[in-house]
Amino acid sequence: MIPLLLLSSCFIALLGIAMLGLAQLQPGYRHIRDWGWSQITLALTLTLGIALLPQDFQSLHYQLQASIATLCMIATMALELAGAAHYTGRPWAWRRHVPLFALLMLAVMGTALVNQPAAIWLASIALACSAWLSAWWMWQGGGRAERFVAAAFTVSGVLHFISPLEDPLAQSIFAHVAGTCVQGLLAMSQILASVQRAQRETARMGDRLSQLYERSMQGLVVVRERRAVYANPAAMAMFGLDAGGDVRSIEAVIGPADIDASYARHDQLLRQRGGQIAWEGERYRRDGSAVYVRGISSYFEWEGGPAVLVLMLDDTERQRATEALRRQALHDELTDLPNRHAALARLAGMTTPGSPGFALLSADLDRFQLVNDSLGHEAGDALLQAIAARLRAAMPADAMLARLGEDQFLLLQPGVRDDAGAALAGQQLLALLNAPFTVGHRALHVHMSVGVARYPDHGASGAALLRAADVAMHQAKQQAGATVVVFQPGMAAASGSLLEIEQALAAAIALQEFQLDYQPKYQAGTRRLAGFEALVRWQRPGQGRVSPAHFIPAAERTGQIVALGALILRQAAQQLRAWQQQGLAVLPVAVNVSPLQFEDAGFAEWLVALVRAHGVDAANLEVEITETAAMTHMERVLPQLARLREAGMGVAFDDFGTGQSSLTLLRRLPITTLKLDRSMVEPLPEASAGAVVRAACVVAEALGLTVVAEGVETEVQAAEVERLGCTHLQGWLLSQPLLPDAAAALLGADKPAPP
C-alpha cells in the first residue's frame, strides 16, 4: 500500500512541477503558479500525513511530521483557492485569509494529537470544501474549459470527502488510485484552460494591436534588409499612396539627399540589435510635394527576424507654423524686410574676430510724421513699402537692408574700409531717393538723414556699431536737408554726456541741487537798483556748477523743465519772503517760465497761490516768457497771463528781437516789460543798430511798457541805450549775477551802480 501511495504522490508532484514550468512561460498568469504549488503541497500532504506517518501517536517524530503534513494540507487549500480566485478575477488578499487558515491548521493539529482518524476526517472535509468552493468560482461565468475544471474540482472534493469512509486512516487503494487519476485530470484541465485563455488573450491583444496599427494616425513602416515589408494605412496616406498598394513603393518617398542617412540608421539599429533613433526631415508624396516628417526608428523582431520599426508623424503644418513664426520674428510685416532681430543676428555673425570690414548705415526719414498726420497712416505705410521696394531692388547681393522701426532703415554694406567709402555709400543711398514716390495719386519727395559707422574702427560688436551709426544719424538730423554723417569718436562722448545729464536731472530736482543767482537791473539815467532777474544754477556734488546751456535743453527735451520751473518759482518766492523778514526794501524779481509750464491750464492759479502762501506781494514777482511760448501756445498763454496781471504780477517779453514778433502780438499780450536781446545791444553805437533799438523803444513807449536792455557790457553801450529810450539796463557793466547774500547786501545799500 505504501509504495502505491508514494507513487501517487510523486505523480501529483510531477504534475505540479509541470505547471510551475508553464508558469515560467506565462509569468503574468499567477493562477498557474498557485495551482502548481497546490499540487506539490498535496503530494507532500499525502506522503507525510498518510503514507509515511508513524504509528506511535505519542512520539515526537509523529507530532513533528503530523504538524508538517497539516501545514502542507492547509497550504494546498490556500493555494488552490488563490489560483481559482486569480483565474476568475476575484480579489484575494493573503493577509486577510492567513488568520482563518492558521486557526484551521491549529484545529487539525490539535485533533491529530488526540485522535488521528478524527483529524483525517477534519482535513478531508476541509480539502473537499476548498475544492468545491474553487469549483463554484470556476463554474460561474466560465466557458467550456472552465466548467471542465470546475467538474474536476467537484470530483476531487468528493474523493477527499469519501476517502475516510473507506479507511479511517485514508489509506484506501481505491480512493488513492481514483484520486491520482482525478488530480491528473484536474491538472491537465487547468493547464488546458490556462493555455486556451492565453491563446484567447494573445489573439485579442493581436487584434487590438492590429486595429491600433491600422487605425493609427501615425505612420508605421516595418523595414527588413533596407526594404519596406509593411506599412499601415496612415503611412501610405501620408505619402499619397493607395492603402492597398505595393508597400515597397513607400521607399520612393526618401529624397536622394537623405537616403544615405536613412540606410545608416537602419544598419546601426540592426548592428546594435536594440535602441532607437529620432530623426526628422523632408519626404515626398507621390505627386512630388514635400511633407515634413518627424520619426523614430527602433529595432524589433518581425516574423522571427531582425527588423526596424519606423514610427512617423506628419509635422508639415507645425513646421510651416514654426517657419511662419520664425519669419515673423525676423521680418518686418509691413515691408517684408529683415527686422531688428535679424539685423542684430547678421551683425553678430559679421563682427567675429578677423571678419572683413563693412559699413553700417542708419537711415531715418525726415518729417515722416507729417505724412501720417496729413495723408493718414495708410499713405505712410504705402510710402514705407515703396521706399523699401526701391532700396531693396538697388542693393548689392551681399548687402542687407532691414527696417528697424517706424521710419528707420538699416543697411549693411560689405567692402567699405575707410570714411570716404562710408560717405560714398551714404550718398548712394540718398541718391536712390531723388525721384519722387507715387502714393495713391500723389508724388511724394522724401529725404533721409544717414549716419554711417564702420567695422571694426567704430565698434567691435554689432550693438556698439549700431549705437555709433545711430549717433551719427542724429547728428545728421540736426543739419538741414538730406545729410550723411560719418561717425567720429567725439560724437559718442557728447551723446553720452547728454544722456548722463538727462538721467541725473530727476534726482537733482528731487534733492534740490539747484540754486538761484540774482542779476541786478538798474534804472536808466539814475543807475539806481530797480530789481533782479533770477538765474538758475545747478550745483552738482563733486562736479561744481553746471551751465544752464547744458541742462536747460535736456530738461526741456525730457519734460523735466516743468518740475524744475516749479522748484525755481518756489525758491524765488522763499527768497522774497526771506528778504522781507530781514526788513529789506524788496524789489521785483523776474523768473523765466518755460512754454511747457503753460501746458498746464492751472499754472497761473498755482503761481498766484504760491505767492500768497509765502506772504509776498504779487508785484514783486515778474514772469518772463519767450517769443516762442507766446506765439506757439497763444491760446493757452493769453488767459493765464491775464490772470497773472489781474493778480498784480508783472509780465516781461524776453529775448525781443531774436524772432519774428509782430506789433499785433505785442498789442495782444498783457505784458508790462519788453526785454531787448543782447544781440540788439552788442552792435551799438552803430547807426543801424541804434535805429532798431530806437524803433523798439518808441513802440514800447506807445504801449506803456518799460524797456530793459540786456547784455550791457560797456559804458558806450549803456549811454547809447539810455539815449535811445531804454528805461532799464542789465549787464556785466553794472553787475554780474550775485549770490543771495550779496543781492541782499545790495538791497540794503540802495545806492546807484558805479559809473
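Between the side chains of Thr706 and Thr727, no donor-acceptor pair of N or O atoms lies under 3.5 Å. Side-chain contact check for Gln408 and Asp470: at least one donor-acceptor pair (N or O, by modelled atom type) lies under 3.5 Å. A donor and an acceptor atom, one from each side chain of Ser594 and Gln597, are nowhere located under 3.5 Å apart. Side chains of Glu533 and Asn592: a donor-acceptor N/O pair is present below 3.5 angstrom, by distance only. A donor atom on one side chain and an acceptor atom on the other are not found under 3.5 Å apart for Asp381 and Gln385.
Annotation: side chain of Ile387 is in contact with side chain of Leu365 (closest heavy-atom distance under 4.5 Å). By the 4.5 Å heavy-atom criterion applied to side chains, Leu644 and Val608 are counted as neighbours. Using a 4.5 Å cut-off on side-chain heavy atoms (C-beta onward), Leu466 and Leu404 make contact. Side-chain contact between Pro548 and Leu535: absent, with no pair of heavy atoms (C-beta onward) separated by less than 4.5 Å. The shortest side-chain heavy-atom distance between Cys697 and Val693 falls under the 4.5 Å cut-off. Put simply, the side chain of Leu465 reaches to within 4.5 Å of the side chain of His458, judged on heavy atoms. No side-chain heavy atom of Leu587 sits under 4.5 Å from any side-chain heavy atom of Trp579. Within the 4.5 Å cutoff, no side-chain heavy atoms of Glu622 are placed close to those of Met649.
Under a 3.5 Å cut-off, the side chain of Asp418 and the backbone N or O of Gly421 do form a donor-acceptor pair. Between the side chain of Arg390 and the backbone N or O of Leu432 there is at least one donor-acceptor pair closer than 3.5 Å. Judged purely by atom type and a 3.5 angstrom limit, Gln717 uses its side chain to pair as donor or acceptor with the backbone of Glu713. Not one N or O on the side chain of Ser362 forms a donor-acceptor pair closer than 3.5 Å with the backbone of Met473. Using modelled atom types, no side-chain atom of Arg577 and backbone atom of Ala572 make a donor-acceptor pair closer than 3.5 Å. With Arg723 contributing its side chain and Cys726 its backbone, the two residues share no donor-acceptor pair below 3.5 Å. The backbone N or O of Phe598 sits less than 3.5 Å from a side-chain atom of Gln640, completing a donor-acceptor pair. Under a 3.5 Å cut-off, the side chain of Glu722 and the backbone N or O of Gly525 do form a donor-acceptor pair.
Taking every heavy atom of both residues into account, Leu641 and Pro670 meet most closely at CB-CG, 3.6 Å. Nearest heavy atom pair, residue Ala359 against residue Val416, reads CB-CB, 3.6 Å. Residues Leu746 and Pro520 share a closest heavy-atom pair of CD2-CG, 3.7 Å. Nearest approach of Leu516 to Ala534, heavy atoms of both residues: CD1-CB, 4.1 Å. Residues Phe487 and Ala468 come closest through the heavy atom pair CD1-O, 3.3 Å. In this structure, Leu360 and Ala469 approach most closely via the heavy-atom pair O-CB, 3.8 Å.
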Apply side-chain contact (heavy atoms from CB on, under 4.5 Å) to residues Arg643 and Leu607 and explain how you reach the verdict.
CA-CA 10 Å; Arg643 177 68 185 96; Leu607 182 54; over 6 Å; no
Apply side chain to side chain donor-acceptor pair (under 3.5 Å) to the pair Ser449 and Asp366, showing each step before the final yes or no.
CA-CA 7 Å; Ser449 297; Asp366 296 333; 2.8 Å; yes
Show, in sequence, the C-alpha distance, side-chain angles and deciding distance for Gln519 and Trp732, and conclude whether the side-chain contact (heavy atoms from CB on, under 4.5 Å) test is met.
CA-CA 9 Å; Gln519 185 169 25; Trp732 277 49; 3.7 Å; yes
Criterion salt bridge (charged side-chain N to carboxylate O under 4.0 Å, His left out) on Glu513 and Arg540, from CA distance to verdict:
CA-CA 7 Å; Glu513 294 176 359; Arg540 292 196 69 178; 5.3 Å; no
Criterion side-chain contact (heavy atoms from CB on, under 4.5 Å) on Leu684 and Leu724, from CA distance to verdict:
CA-CA 11 Å; Leu684 295 175; Leu724 294 172; 4.2 Å; yes
Going through the distances and angles, do Glu710 and Met680 end up as a side-chain contact (heavy atoms from CB on, under 4.5 Å)?
CA-CA 9 Å; Glu710 294 183 300; Met680 298 178 65; over 6 Å; no
Can Arg367 and Asp407 be said to form a salt bridge (charged side-chain N to carboxylate O under 4.0 Å, His left out), step by step?
CA-CA 10 Å; Arg367 297 177 301 282; Asp407 57 350; over 6 Å; no
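Each of Thr483, Val485, Leu430 was checked for a side chain to side chain contact (heavy atoms under 4.5 Å, CB included) with Val450, and the lone residue meeting it is Leu430. When each of Leu669, Ile671, Val637 is paired with Val651, the side chain to side chain contact (heavy atoms under 4.5 Å, CB included) condition holds for Ile671 and for no other.
By the 4.0 Å N-to-carboxylate-O rule, Asp517 lies close enough to Arg545 to be salt-bridged with it.
Rounded to the nearest 0.5 Å, atoms CZ (Phe656) and CG (Leu674) are 5.0 Å apart. Rounded to the nearest 0.5 Å, atoms CZ (Phe409) and CG (Leu337) are 6.5 Å apart. In this structure, CZ on Phe368 lies 10.0 Å from CG on Leu444, to the nearest 0.5 angstrom. To the nearest 0.5 Å, atom CG of residue Leu505 and atom CD1 of residue Ile561 are 8.5 Å apart. In this structure, the separation between CE on Met448 and NZ on Lys477 is 9.5 Å, given to the nearest 0.5 Å. If you take CG on Leu610 and NE2 on His614, they are separated by 5.5 Å, rounding to the nearest 0.5 Å.
Atom CD of Gln582 sits in a crowded spot, with more than 12 heavy atoms from other residues, nucleotides or ligands closer than 6.0 Å. In the displayed structure, Arg442 atom CZ is contacted under 6.0 Å by at most 12 heavy atoms of other residues, nucleotides or ligands.
Taking the six-membered ring where the residue is Trp, Phe532 and Tyr518 present perpendicular rings, their angle passing 60° and hence far from 30°.
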